[in-house]
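Presented below is the structure to which this report refers.
Residue numbering restarts at 1 for every chain, and letters A, B, ... go by the order of the sequence lines. These figures come from a predicted structure and were not determined experimentally.
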Amino acid sequence: MGYFKDRNCYMKDYNLSFLDKIRNFNYLYLFLVSLVVFIGIGVLYSVGSSTSSPWQWASRQSMRFVLSLVILLLISLTNLRLWMKYAYWIYGMALLLLIGVEVLGRVHMGAQRWLNLGFFQLQPSEVMKIALVLALAKYFHGASLEQIRSVKFMIPPVLMMGIPVLLILKQPDLGTAMMLVFMSFGVFFLVGVQIWKFVVLALMGIGSFPIIWSLLHEYQKKRVLTFLNPESDPLGAGYHISQSKITLGSGGFWGKGFMQGTQTRLNFIPEKQTDFIFTVFAEEFGFLGSLILFGIYTLIIGYGFVISARCQNFFGKVLAAGLTINFALYLFINSGMVMGLMPVVGVPLPLMSYGGTAMITLFISFGLMECVDINREMVIGRLGSIDDE
Amino acid sequence: MSVWKYEKTHTIQKRLMALSGVFLCVVFVLLARLFFLQILQGEKFLLLAEKNRISLRLTPPERGRIYDRNGIVLAENKKTFQAVLVKEESPDFEKTLDLFARLVPLSDEEKERIIKEVKRKRAFMPVRVKDNLTPKEVVLIQLNAPDLQGIQIEEGLIRTYPQHEIETHTAGYVSLFLDSDTKDKDDPLLNLPGYRIGRSGVEKAKEEVLRGAPGSKKTEVNAAGRSVRLLEKNKSIPGQDLTLTVDNRLQKYALDLFEDNSGAAILMDVKTGELRTLVSAPSFDANLFLAPISTKDWNKLSSNKKNPMQNKALYGTYSPGSIFKLVVSLAGLENNIISANTTINCDGYTQLGEQRFHCWKRQGHGKLNLIQALEHSCDVYFYEVSQKIGAEKILEMAHKLGFGEVTGIDLENEKSGFVPSFEWKKKRFNDAWRMGDTLNLSIGQGFLTATPLQIVRAVAAIANGGYLVQPHVIEKKNYPQGLPLFNPKNLSVVRQGMFDVVNKEGATAYGSRFNINGMKMAGKTATTQVRRISAEERKKGLKDQKLIPWEHRDHALFAGFAPTNNPKYAVVVVVEHGIGGARSAAPIASKLLKKALELDIEDKEEK
């Protein structure tokens, strides 16, 4: 009977040996990811070389890379089933951390985003990016298409997204909130929610724009307005956008050369080592370099979807797709922002921007991606065990 | 595979493909944007990036000096110390400024300006607090340096006029470039703190020549505007030095001759048009405007009814009065309407219809020929001959002698005076030109006005053999020799008349004659009414001019030349409200000419 055949099949998967895992490990994917990190460290050195301590950012970023690599390897070797089992717990903890930020979080640059753990500043919104994907993946894993298509069934996942989004908006961190919403909608789309529902939602969103506008902070409104017309205030709030465009544009086709970017070296770009690092790269390596960089990023995203597509279990599929969407959103929002296509919302360029939490959370998600890929032939029952169908 | 899985898996595979497609499109849009920014607009942004990066600082050029014909300095630059304030080096710049003001007096207006400027400029940019510091002030500031953090003393150059008031209307003066200046408003050199531009005289007329070209310092600056490194340095090119034709000794002498009077004196080389003297009295110290002029000084200057700021030699227009009789004579002679022997009997007036035109001598001159008429300045003689000559020919002669248009002197603000015409009168008064107008014209009263400069040029033409020279104050190598415009015979008749005016006993300017080694002066006096004399006043008899208010008294003019046998200089003197040409203008002209001739002899002996 089919039942037993199936059972034998995933019984075999379940016992992947360490060697099997090493063999299944996706080295090309890790290579692509590491390549971007190396490019990023190079750019950080270039940025640092215009200051008195050239290594100040590059060396710390390298150390984080090593630490992140270890985390990636450890996670990739875990059992995927465990992640499904504890998905809701992880989500719950992330939610608690977010609330913790509200209570204990310290004010940093006008926004409450960090939780000081003494040796390390934890950014719960970053953790939430992964936790939400895990929770959604688990939620949709056991569902049937019929269920997914019912409005009632969609209430819990919408709440799962909505509660952290509201908390993060309150911090306020428009960029992360936007990413969580887009990522969740991406997942909803992938698991089969009807397209007309998105259309209705979009129309409702446009309708409620005035309400959202009134809820935005003054500086957020200003950012949006100056985004729409940066030339109106080139030395004030539009400064970021104008200078960012000048920096990118002046790179031309070939770029000004490594460590030759005048705009960044002379400090015309604020936060050049973090959110605006792409401008540094584009100024020094030109359109050609940017084309190559985007090529690598596109390969990483494409590979992410391949990992999702070839995974045999639904949890892994959704997890891999969700994390990939997350990664892509980082890239799109950041580059759209520095190119003047989007308001400045404070989203870093994945793998390149200087910053601890972003790097570590990204590598946790790449670890999970590897874990999904290693266990791509694993079959997971409706409730997570072998025989719960 | 179970059903719950199959359908779902089918959907997700399809939708993964769709999402990949969407993401590819996003990547494409981003690359298109990058292409637009980096390739299509790359040049533009590169330019903007360079503009960000490079700061051009100008170093002002040294302004050209101005000398008189003998090399005496009229305008030069002296080293000066100026105090500047650098905000970022002062813990509290307003307090520093208060302390500074206790050592070196600062007006409230200045303080306000400094505070405004400091707030507007970047923290490391120096702002001028006070320039032209005295050595004492410099020492005082240095001694108190610990309390004056942020105050620095810079060395620079400032214009100075060692001749003070003597050359104000020739060399001119400079003053600070102001926000209200519209010409070259955006020239970065002019906008340097403390930059001064020419406001009058040669300083203004030859601003471009004197200015020179600024040097520049190209530096790379960071976003805060601070210099990071020097890229390029160009030296400034100093302005050209200028030598004037005026003789400072004569200038000083002429100005002194005016005492308290207001007026103008010009002494011109009749052959070249070089001005040896060009003064306008009263004058004022050219150094007054170097620092922003104080309100008190300004009020004193601008409310003075003798108008020291106006260059009356170029800008004042006067009725030429009896001097114009020279023009009428020449018009009659050149057109063969009168001759030296044309005789008229003066009864003290000419009757024209109902109107009676009086001679200045009520009892009349009796019989006179042309030369005698000039000698005694008989009005009736010219009333009579002008009727024969006709206004048309007189006006034509006036134009020929350069009246009614600017002389083209190398100074600014020259006025053109005015020569009327029949059409003008028709248009202005809706009335035809009448014989009465001709009579008024014949004695230089009425509509016609001229500047002293035009008068001296016309006299020079009579003296030099009949050509108009180009008056100028800046030394030139070549003088275009004009073509003689008149019959030499006719000119000598007029010159004879002018000679008699000064040298014949009983003639109008006999008191001003001189004789140095046989060199004598010729000329013509004029006394012109400032106010029309009413019939009532005439009936009462002319009041003693000294009893009427100063501004109603007649102008006194004298124009002449010397030496009479071989004319070298032409002179004109205007004494505003000086009552009589012979009384106040002729003596000044005479002394000035005499002095010029004496100086020439002295200079020759020295050589």
Side-chain angles (χ1 to χ4, degrees), chain A residues 2 6 50 140 142-148 186 189-192 242-243 245-253 255-256 261-263 265-270 282-283 286-287 290-291 294 297-298 301-302 305 308-309 312-314 317-318 321 324-325 328 331-332 335-336 339-341 382 389, chain B residues 1-55 120 122 218-229 231:
Chain A
D6 267 348
S50 65
F140 290 115
S144 68
L145 196 57
E146 212 171 298
Q147 280 176 310
I148 290 169
F189 169 76
L190 287 178
V191 298
S242 295
Q243 290 299 339
K245 275 156 74 177
I246 291 172
T247 312
L248 284 175
S250 63
F253 183 79
K256 295 177 186 168
T262 59
Q263 280 284 102
R265 301 184 77 74
L266 297 169
N267 267 326
F268 287 96
I269 291 297
E283 185 186 19
F287 184 65
S290 308
L291 215 56
F294 265 92
Y297 273 123
T298 310
I301 294 166
F305 284 139
S308 170
Q312 297 291 314
N313 57 70
F314 202 76
K317 264 186 190 308
V318 177
T324 303
I325 292 170
L331 175 71
F332 296 161
S335 49
M339 289 178 203
L341 291 173
R382 199 165 195 162
E389 299 196 35
Chain B
M1 206 177 270
S2 332
V3 180
W4 66 267
K5 264 163 101 180
Y6 177 75
E7 272 187 326
K8 244 177 18 172
T9 308
H10 184 69
T11 310
I12 200 172
Q13 298 300 81
K14 268 198 327 203
R15 291 201 168 181
L16 270 173
M17 288 292 284
L19 199 61
S20 305
V22 171
F23 279 14
L24 265 178
C25 288
V26 174
V27 169
F28 182 77
V29 167
L30 290 171
L31 287 178
R33 173 68 174 174
L34 214 50
F35 183 80
F36 171 77
L37 289 176
Q38 296 196 290
I39 309 295
L40 298 183
Q41 301 228 280
E43 300 260 308
K44 175 187 132 190
F45 284 121
L46 191 61
L47 224 67
L48 285 173
E50 285 296 288
K51 224 173 103 190
N52 270 342
R53 181 174 82 97
I54 290 164
S55 142
R120 202 185 60 203
R122 296 194 194 242
K218 237 186 197 177
T219 51
E220 190 172 68
V221 293
N222 63 15
R226 184 179 292 283
S227 292
V228 179
R229 74 192 156 109
L231 296 174

In terms of heavy-atom proximity below 4.5 Å to chain B, should [X] be classed as side chain, backbone, both, or neither?
X	value
A:I301	side chain
A:I325	both
A:T298	side chain

Flag the one option from A:I148, A:L190, A:I269, A:V318 with the top tally of heavy-atom pairs under 4.5 Å to chain B.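 Looking at each of A:I148, A:L190, A:I269, A:V318 in turn, A:L190 comes out on top.
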
Please rank A:G251, A:G255, A:G186, A:G286 by heavy-atom pairs under 4.5 Å with chain B and give me the top one.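 Looking at each option in turn, the highest pair count goes to A:G286.
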
Ring pair (Phe, Tyr, Trp, His ring centres under 6.0 Å) involving A:F294 - partner list, sequence neighbours excluded: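 Per chain and number, A:F294 pairs via ring pair (Phe, Tyr, Trp, His ring centres under 6.0 Å) with A:F278.
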
CZ/A:F253: more than 12 non-hydrogen atoms of other groups inside 6.0 Å: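 More than 12 within 6.0 Å, yes.
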
Would you find more than 12 non-hydrogen atoms of other residues, nucleotides or ligands less than 6.0 Å from B:Q13 atom CD?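 Yes, because the 6.0 Å sphere around CD of B:Q13 holds more than 12 heavy atoms from other groups.
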
Which residue out of [options] racks up the most heavy-atom pairs below 4.5 Å with chain A?
options	result
B:V26, B:V29, B:V27, B:L24	B:V26
B:K14, B:E50, B:R15	B:R15
B:L19, B:V22, B:N52	B:N52

Taking the side chain as C-beta and beyond, is there a heavy-atom pair between A:K256 and A:S250 under 4.5 Å?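 Yes, at least one pair of side-chain atoms sits under 4.5 Å.
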
With a cut-off of 3.5 Å and sequence neighbours excluded, list every side-chain donor-acceptor pair involving residues 31-49 of chain B.
from  : atom 1 : to     : atom 2 : distance (Å)
B:R33 : NE     : A:M339 : O      : 2.8
B:R33 : NH2    : A:M339 : O      : 2.8
B:Q38 : OE1    : A:F287 : N      : 3.3
B:Q38 : NE2    : A:L248 : O      : 2.9
B:Q38 : NE2    : A:A282 : O      : 3.1

Please state whether the rings of B:F23 and A:F305 are parallel, tilted or perpendicular, taking 30° and 60° as the class boundaries.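 Answer is tilted, since the angle falls between 30° and 60°.
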
